[in-house]
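These notes are about the structure you will find just below.
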Amino acid sequence: MVPQKVIMDYSDYGWAVFLDKVGEHRAAKDILLKHKEKDQFYYNKLGEFERVNYDKSLYYFKKGERIDPAEPVIIKNMGKTYFFLFFKTKKNSDIENAKKYFKRYLKTDKTDFFVNYLYGESLKFTGEITKGVEYLINAYQINPSSRILKEIISIKLSLKDYFWIILKYKQFKLFDYLSEKELDKILEFIERLKIKTTDKDYDKIKQFVNAVKPNGNLNILKKLIIINFKNKNYSKVVNIYRKNKKLFEETKPPSIVRFYLFSLYYSENYYELSKEINKRFRENPDSAFLKYLLSRYYYRLGYKKLPFIFIRNIEKPSFISDEFYNDYKTLVKIRYWLAEKDRNKLKNILTRVMKSGKIKKSSLLLKINILKAALFINEERVIKNLLKENNRYFKIIYLCNNSKSDDILRYIESNKREATVVLNELINNGRIGILNDILKKIDKQTLKPEQYDFFTGRYYELSGKYKKAYKYYEKTIDKNSSLSYLNYYTYFSLQHNFKIKHKEEIIDKFIKEGKTAAVYDTLGLLLLKANQKRKGEKYLLKAYIFTPEDKLIKMHLADYYYSIENYKKALYFYKKSFEGECFTDEYNQNRERIKKRVKELKKMDFNIDNYYGLYSVKIYSQGKVNPLRLKIKYDGNHLLLSFYHFPMTKMADIYTNGDTYFINYREKRFYEGRFSGILENIIGIDINKDDILNLFGIKAGINFIPYKEIEINSYKKGFPEKIEIKGENIRIRIKLLKFNIKRKIIIKQPNTDNFNEVFDAMEVIGE
């Protein structure tokens, strides 16, 4: 029995709460009723006692609200009571009141799980589903362990609403519950959005797109590529394509390859782009898209003729606007005919441009080239129209083409930031005397010290004074060892046989940082000069992959193969070097030499006569070293192998039981049979087939097909310099001591024995 004593003021309230907690609800209520005029706290508690009697509960809460209308606890309880009362009365007024009180409460406390949940449910009942889901997601975020998420997923929302709700929240759990079909549609919705990087939702959209896990779904992958491409997230496009390359190569979805290749182009990943374009170009040489992209690629790299060569005879790709395509084609035509110095063609182009009235609407790049063409053919009307625009680029081009050195110098002194642009333009126009005059008079502080040295070196180089040029290029890299300066200095030194300073450091820097065709080419030549022939060849081939149309790179490769007596490859690259373009006159200066060499090589037969390699062999086993001498000789048909104190053995004889392993270098083929163990007995260790092939200079790792003939793609001159073979308890080191090669070079004579049988009189004379 609870003692019946009355405690005044708030102590009564505390006593009532205690009684309520121990189950004496009636006694607690009686105490509170004695003080019902005292405070809203009493009415709040009285209202809570009426847990099922919502009308009476509401009566007490309203009394409490009149005493203190701003009390959050009363506001919250009013909302809850109206909400549950609605299920009894089904009156719209009750649910509207519930919403009103929940909204008021959330202004004071947004973190209340229950109020967010009930407010969301209230909004759902009144048809405000999208808004209701927002508050349900709020409740879920406050308490992720609740089961609300399943309820949210069960609500039928439009995909548009789903998407915008998702964007409002940092967690993307709702996104995980979407089916692939729903996700596909949301991505389609995003794809259609015209949203800019400055828009407030851009980062959230990007976050959403990055969170998508396509799981091999082709439609979703395609949409992800398109969305990222539209948002200029090119590296993401490239990564998606790389990860799913096999799927894309098999299904060949339209336009996806285009987005991938253009992403490589815009992200300046030129090495991968060149490999991909050329691989596809070999498969589909008539593709208008690939020709267009090759044109853009070579334009970006700075070539003048190649962009036009690739675009001149193609139909406009459907994805390019007519206006852009026509402007681009006009641009590459002007650059091409300027390089060819064809006045008539340039005059025709400018006449058409003037008649169309497109000069004012043209891009800045096109206008610059129109001005250069107009200056070349003295088209005064075009020059005056463009100079009226008062553009600084136009002014520089005009100055460097026509003006005297004092006028150009005054312009540089008043526009110091543009000094290097002006000096480069003078070099492009061949005005070397004016360049020298300006360099003598210019205030040294206008240019950086390394810039002054570099342009002085350029003047001496163009004047044919190579020793002086070399000194200034040397000064340049002492002051600034940037990649571009180092590359220029190194290539110039190689070209004119000057000593290269800091050779090892330059090689390291080029390998780590120099991802351009020009640097790969220079690096290849530098490594060849340092007698690192394999590495040198590797980087020359990389340069060739980068820009297979560059004549100079092909000439460098041909010269290398000629120097190592690989005449077949030398002939191939000399012939290829007649196609394409190069930046400098170096190729043209060598053109006659190349022609003579091609004639010489065409008369040769490239069969190997014989060669041999003498090796030292050291076998390390159980702490002992067993030294041997090994001689491997090629006699025109067979490889012959002998260890000192062992007889010379044909490779064909190493195998028994009728199965042989035989290499014929003349035909570039080998045959595989069963391995017997004779060689193991000689050396004293198990050796596998790959080790043998490595020993004879053939790349290992081929999947051998027993008893079948397999073609060797290439053979090397001689054998590797070093080989190391490891077993469980033994190690062998093989080192080349001496190498000798003799090639059988046969001059081909024209065969006229059966001339009369091949041609009759009518075939020779013609009808």
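Because the structure is predicted, anything quoted here is derived from the model rather than measured.
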Could you go through the side-chain hydrogen bond (donor to acceptor under 3.5 Å, both in side chains) check for Tyr135 and Glu128 one step at a time?
CA-CA 11 Å; Tyr135 284 93; Glu128 299 169 84; over 6 Å; no

Side chain to side chain contact (heavy atoms under 4.5 Å, CB included) between Leu293 and Phe310, worked out
CA-CA 9 Å; Leu293 187 54; Phe310 279 106; over 6 Å; no

With side chain to side chain contact (heavy atoms under 4.5 Å, CB included) as the test, would you mind laying out the steps for Asn233 and Ser235 before giving the verdict?
CA-CA 6 Å; Asn233 193 0; Ser235 59; 3.8 Å; yes

Run Glu283 and Lys279 through salt bridge (charged side-chain N to carboxylate O under 4.0 Å, His left out) and show every step you take.
CA-CA 7 Å; Glu283 295 166 0; Lys279 182 184 81 174; 5.6 Å; no

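Residue Lys538 places its NZ atom among 12 or fewer non-hydrogen atoms of other residues, nucleotides or ligands, all under 6.0 Å distant. Residue Tyr393 qualifies as open at atom OH: its count of foreign heavy atoms under 6.0 Å is 12 or below. Heavy atoms from other residues, nucleotides or ligands lying under 6.0 Å from NZ of Lys509 number more than 12. Crowding of Glu323 atom CD: a count of heavy atoms from other residues, nucleotides or ligands under 6.0 Å not exceeding 12. For CD of Glu249, the number of neighbouring non-hydrogen atoms (other residues, nucleotides, ligands) closer than 6.0 Å is greater than 12.
Between Phe262 and Tyr292, the ring planes lie tilted relative to each other; the angle falls in the 30° to 60° range. Relative ring orientation between Phe114 and Tyr117 is described as tilted, the plane-to-plane angle lying within the 30° to 60° band.
A distance of 11.5 Å separates CG in Leu221 from OH in Tyr241, rounded to the nearest 0.5 Å. Taken from CD1 in Ile227 to CD1 in Ile220, the straight-line distance is 10.5 Å, to the nearest 0.5 Å. Separation of atoms CD (Glu268) and CG (Leu301) is listed at 10.0 Å; rounding is to 0.5 Å.
Ionic pairing of Glu96 and Lys99 is present here: one or more N-O contacts between side-chain nitrogen and carboxylate oxygen are shorter than 4.0 angstrom.
Applying side chain to side chain contact (heavy atoms under 4.5 Å, CB included) to Lys515 and the options Tyr520, Tyr270, Tyr271 leaves one that passes, Tyr520.
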